Protein chains: 2
Amino acid sequence: MATKVNIRDVAKAAGVSVTTVSHALSEAHSSRVNARTVEHIKAVAGDLGYAPNRLASGLRNQRSQILGLVSDEITTTPFAGAMIQGAQDAASEHGHLLMVVNSGLDNELELQEIRALQQHQVDGIIFARMFNQQVSVPEELRAVPTIVLDATPDNPGLSSVVPDEFGAGDSAAELLVTAGHRNIAMINNEDDIPAAHGRLAGFRAGLDRHGLHLPAEFLVAGHPSTTGGREAALELLSRKERPTALFCFNDQMAMGAYQAAGHLGLRVPEDVSVVGVDNLELIADGLWPGLSTMALPHYEMGRWAVLKLLNELENPEAPRLHEKIPCPLVERESVAPPKG
Amino acid sequence: MATKVNIRDVAKAAGVSVTTVSHALSEAHSSRVNARTVEHIKAVAGDLGYAPNRLASGLRNQRSQILGLVSDEITTTPFAGAMIQGAQDAASEHGHLLMVVNSGLDNELELQEIRALQQHQVDGIIFARMFNQQVSVPEELRAVPTIVLDATPDNPGLSSVVPDEFGAGDSAAELLVTAGHRNIAMINNEDDIPAAHGRLAGFRAGLDRHGLHLPAEFLVAGHPSTTGGREAALELLSRKERPTALFCFNDQMAMGAYQAAGHLGLRVPEDVSVVGVDNLELIADGLWPGLSTMALPHYEMGRWAVLKLLNELENPEAPRLHEKIPCPLVERESVAPPKG
DNA sequence: AGCAACATACAAAACGTTTTGCAAAGGAAC
DNA sequence: GTTCCTTTGCAAAACGTTTTGTATGTTGCT
């Protein structure tokens, strides 16, 4: 047990050649060897605890069965886990393993990490960001099949997957309008990113469908944090003509809105309804009452990226896709009909 | 550019043998080749964009330069990112890459994943849990150097690293007592895990040092969630003789305490001080006022685990260690002297 | 001049697979 | 009984490195 058992040991123990063992175990080539022999070899291999060395087979086949995942800030966002998990599940189902590297915001380091992945002969790379943004993909990745995850690539030659931001905004509008609200404000992210534009556009479209629209004074923007949300909500809810519902760019801003409401003596959802985006369990489930919010599909995006990557590996000519994954509504208790 | 450049191409281009190229590039063996030749070879290699194939060198050296990280539920906890990041940073600094696998709670799957890692000839494995718990390490890992991360192994033959739970409790007591509090309650986790025992013991020790002690009626336990914290805090703060400060098992329970206080018309920190454990940015920074809390050292634990693993790889006889990493206090605004 | 010692470069083997091409043996068809 | 398949197995080459042992000069010393 001290030393590892290799294909030669199996061959010796089974009394056949190395070639025969390889064929017997290969599924595709097992027709080249007698069925009884196959049985025998498999039994022997099992007894010996033989497991093929992937380094060797990767070298021989020019296929490492490893996928690289390079992302930006795994640390600071709670989404990373779900994304990685989705990717890893899909990879594992198809006999692949995931190598994760993370570069923070250091571009030079990111290139180094990518080169390291390539030295390990990864079969493909997933280039991930932690929130939907425009991104320019490093030259280095030309050499390897690549999928862009949760970001919009400048290079349309690469497949990508992002959340359906528009749909999220639309659903939020739908939810609030059907609850009976007419005076709805949006607290948006002040940053110039697809997520902000998309959610706003979707929200407007949703209102539109019901013959409503978002007045300019009911659209405010702030830093996408609890504080940003709180300040914006404080301002909105202190007005004479205050909205009866708030659609917040994300759950953190929604948490700020709760705080603002509490500070002003308003209750959620009786006095003001609140909707977020992200479905951060920690917040959405932790708030009291629970926050209704649109879930960002990080797990699904991770899965999709890996599946698409494997697909392009099989079939290099497969058309590049730009997928939008829906953001399902997770209803809790933060929405109620407006009073009176 | 279509096809990869290998050491043979470099040799040809530089007009020397493959052996010489290998020696020239090897640092350890570069003494075996003329300094001028080394220069020349490096230049040629750089021009050609040569990067050694790690599959091949791993095969030859019996050293893949890959570390495996197997964890339980990456998805549901926001700590995973920091842990992975710490591990990956340390690995990357030493020329290694990290393969991450995740098994949820499925033991059978976990074994499969471990076997997959071993097939890829990982040099060592980090067996991680997402919170400090007793854990029995799978037999399979006997074959590979292993470090246990954020868990206490039943097998003392393996090095491990956990947060200094005791120290966290102690610091919390210190903080509250020096702020002037005398009536301090603790809201603990009801689960029977080292984290709960350690934090409580440390908290008691800290009080002790100041001649105080924790009365039985000021120790309550609940589910380690916002709801659990809220319920416990509601009960505690509704009493005639209510505590002036709360030490909560984690930040989520502390968030619940904030909600309870708000519900009862009490203000943090004027009417009640609150201290948590975890330093979950999302919560600790998001709460209003900010939550003072002991940071769980996930990043550092990840780093430590990899460094120790590399150390044991270098020197297999190195003594096994059981490390406790301190949990530094992160002060925000949730602690003030008691009124009156 | 002769010999050791050294500097420099190379050929070949090995790591553990997979796959191609070939050989031996057995059976069927004439 | 010869020819021709078919079945079953094997030997050998290849993937891209690293390292050991050896060969060829070159230098320094007596």
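The structure presented is a predicted model; accordingly, all values stated were derived computationally and were not measured. In the text below, chain A, chain B and the rest are named by the order of the sequence lines, each starting its count at 1.
Checked against C/dG16, D/dT18, D/dG16, the side chain of A/Gln62 finds its nearest nucleotide in D/dG16. For A/Ala56, whose side chain is taken as the heavy atoms from C-beta onward, the closest listed nucleotide among D/dC10, C/dG16, D/dT17 is C/dG16. You'll find that the side chain of B/Leu59 is closest to D/dG16, out of D/dT17, D/dG16, C/dT18. In this structure, of C/dT19, D/dT8, D/dG21, it is D/dG21 that holds the atom nearest to the side chain of B/Arg32.
In this structure, B/Ser17 reaches the C/dC10 phosphate: one of its side-chain N or O atoms is under 4.0 Å from OP1 or OP2. Distances shorter than 4.0 Å separate none of the side-chain N or O atoms of B/His29 from OP1 or OP2 on D/dT18. In terms of phosphate contacts, A/Ser22 brings a side-chain nitrogen or oxygen within less than 4.0 Å of OP1 or OP2 of C/dT18. Distances shown here put every side-chain N or O of B/Asn53 at or beyond 4.0 Å from the OP1 or OP2 atom of D/dT17. Contact between the side-chain N/O atoms of B/Asn34 and the OP1/OP2 oxygens of C/dT8 is found at a separation under 4.0 Å. The side chain of B/Thr37 places no N or O atom within less than 4.0 Å of a non-bridging phosphate oxygen (OP1 or OP2) of C/dT8. Phosphate contact (OP1/OP2 of D/dA11, side-chain N/O of A/Thr19, threshold under 4.0 Å): absent.
Positionally, the nearest nucleotide of DNA chain C for B/Gly15 lies more toward the 5' end than for the other of A/Ala51 and B/Gly15.
At a threshold of 4.0 angstrom between heavy atoms, the contacts of B/Val18 include nucleobase atoms, whether or not backbone atoms are also involved. Within the 4.0 angstrom heavy-atom criterion, base atoms lie near A/His23. Here A/Ser26 lies out of heavy-atom contact (under 4.0 Å) with every strand.
When rounded to the nearest whole Å, the span between CG of A/Asn6 and P of C/dT17 equals 5 Å. Rounded to a whole Å, the CD1 atom of B/Ile7 is 11 Å from the P atom of D/dG16. Whole-Å rounding puts the B/Arg36 CZ to C/dA7 P distance at 16 Å. Taking atom CZ of residue B/Arg63 and atom P of nucleotide D/dT17, one finds them 19 Å apart after rounding to whole Å. Summarising the geometry, the separation between NE2 on B/His120 and P on C/dT17 is reported as 13 Å, rounded to the nearest angstrom. Atom CG in A/Asn61 sits about 11 Å away from atom P in C/dT20, given to the nearest Å. Rounding to whole angstrom units, CD of residue A/Gln65 and P of D/dC15 are separated by 19 Å. Put simply, OH on A/Tyr50 is 10 Å from C1' on C/dT18, counting in whole angstrom units.
In this structure the side chain of A/Leu141 reaches within 4.5 angstrom of the side chain of A/Phe127, judged on heavy atoms. Using a 4.5 Å heavy-atom threshold, the side chains of A/Leu149 and A/Trp304 count as separate.
The base of C/dT17 is not paired with the side chain of A/Arg60 by any donor and acceptor separated by under 3.5 Å.
Between atom CE of residue A/Met99 and atom CD of residue A/Glu113 there is a gap of 11.0 Å, rounded to the nearest 0.5 Å. One finds the CZ atom of A/Arg129 at 7.0 Å from the OG atom of A/Ser71 (value rounded to the nearest 0.5 Å). Note that CD of B/Gln121 and CG of B/Leu55 are 10.0 Å apart. Values are rounded to the nearest 0.5 Å.
Between A/Arg36 and A/Glu39, none of the side-chain N atoms (NZ, or NE/NH1/NH2) sits under 4.0 Å from a carboxylate O, so this pair counts as no salt bridge.
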